[in-house]
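The structure displayed is predicted, hence computed values, not measured ones. In listed order, ligands and their atoms are each counted from 1. The basis for the numbers below is simple: all heavy atoms, side chains too, and nothing from hydrogens, waters or symmetry mates.
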Amino acid sequence: MRVGFIGDVVGRPGREMIKRFLPRIKEAEGLDFVVANYENASHGFGLTQKNAKELLGAGIDAMTGGNHTWDKKEIAGLLESMPLLRPANYPDEVPGRGVGIYEIAGEKLAVVNLMGHYGMPMTDNPFRKARAIVEGLKAEGVQTTLVDFHAEATSEKRALFLMLKSDVSAVLGTHTHVGTDDLQIVEGCCYVTDVGLTGCRDNVIGMDAKVPIERFMTGLPGRFDVPKKCKKILQIVVMEFIEGRCVAAKKVRCYESGEIVVTQAWVE
Ligand code: FE2
């Protein structure tokens, strides 16, 4: 089974890069399934129904969320009607679910969405929640499990990966929007601390740099905005899984110029 994972899709520039590059990446890489994180997809904050349809129509099969899942009110209904997840460590009474199980050519793929604690809303312990979810998936006979850990701190992401590496197939970090260069496969589990954003690459986390600079200079609040013009990037991790273990992984970066840069995972 070959699966692609795209990190935080930020606004229209991110959606445009997906529409332009994803179909050809899917074909070239023979991808059976593609997951992306939607939480910044609609002008940087949350996801609208229109943009959800746009992304699912562009070749994305399922999407994960995070702390910005709730920024658009319509998300509650979309979580019920579309293949969208929200972090599993929100309390049970919160709309939606944090685990999706998808059939791919007779095999099951579980996608688990979790959110870290550092700098994030107060939720249930993601480490304890992960343990319980993994036990449940094993009991169901699911072999291949991909975790999107939406977290700020590199230490939290690394710790969750080391705790889960023999139980899941991949732990992929999202939320910081800055891709890290530590893509690796350890004992059959793929890991990267952050996949990095898909959207504007020349500002501040995909947002117009003016507002964050002003905020840091003055301490006053200001609303982030997605730039109308920028230099763009699409970043996707491509993985191959056999019997629940990751046997190959690479990071593919597409630039708006058409240039494509591929980096192989290190394996141990
Ligand atoms: Fe986030």
Side-chain angles (χ1 to χ4, degrees), residues 5-15 17-18 35-48 51-52 55 60 62-76 78-79 84-91 94-98 100 111-127 129-130 146-161 171-180 191-201 203-209 211-212 215 221-227 233-237:
F5 185 89
I6 298 169
D8 301 64
V9 180
V10 184
R12 184 190 298 269
R15 302 194 311 272
M17 288 297 278
I18 285 171
V35 183
N37 189 299
Y38 65 76
E39 73 146 19
N40 306 113
S42 294
H43 209 72
F45 297 92
L47 181 69
T48 62
N51 294 157
L55 290 169
I60 292 168
M63 292 196 277
T64 48
N67 51 307
H68 286 292
T69 283
W70 318 105
D71 290 358
K72 301 277 188 286
K73 282 211 171 76
E74 63 205 89
I75 193 69
L78 304 183
L79 288 168
L84 306 178
L85 303 175
R86 48 80 171 160
N89 50 322
Y90 276 105
V94 166
R97 64 208 161 88
V111 179
V112 178
N113 191 188
L114 290 161
M115 186 167 71
H117 267 187
Y118 181 83
M120 291 295 205
M122 188 181 289
T123 54
D124 296 342
N125 182 320
F127 291 80
K129 190 73 184 178
L146 183 156
V147 178
D148 170 359
F149 193 26
H150 194 79
E152 181 79 37
T154 53
S155 55
E156 268 186 284
K157 293 174 178 176
R158 186 86 195 150
L160 189 81
F161 159 59
V171 176
L172 306 170
T174 58
H175 177 67
T176 71
H177 295 197
V178 178
T180 56
Y191 171 77
V192 66
T193 300
D194 208 296
V195 176
L197 65 79
T198 287
C200 294
R201 63 186 158 86
N203 279 264
V204 176
I205 63 166
M207 302 294 192
D208 193 325
V211 175
R215 274 171 53 158
R223 189 163 169 84
F224 282 10
D225 206 6
V226 177
I233 193 168
L234 181 153
Q235 308 189 66
I236 180 169
V237 174

The criterion is ring-ring contact (aromatic ring centres under 6.0 Å, His included); which residues satisfy it with H117, sequence neighbours excluded? none
Run the ring-ring contact (aromatic ring centres under 6.0 Å, His included) test against Y191 and tell me which residues pass, sequence neighbours left out. F161
Measuring from D225:CG to F45:CZ, what's the distance to the nearest 0.5 Å?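 Output value for this atom pair is 8.0 Å.
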Under 2.8 Å from the Fe ion (ligand 1), which protein atoms of type N, O or S occur, listed by chain and number?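 Atoms qualifying: E39 OE2, N67 OD1, H150 NE2, H175 ND1.
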For R15 and V9, indicate whether the former's side chain and the latter's backbone hold a donor-acceptor pair under 3.5 Å. no
Would you please say whether a donor-acceptor pair under 3.5 Å links the side chains of N40 and H177?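 Side-chain D/A pair, N40 to H177: present.
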R97: partners by side-chain hydrogen bond (donor to acceptor under 3.5 Å, both in side chains), with sequence neighbours left out: none
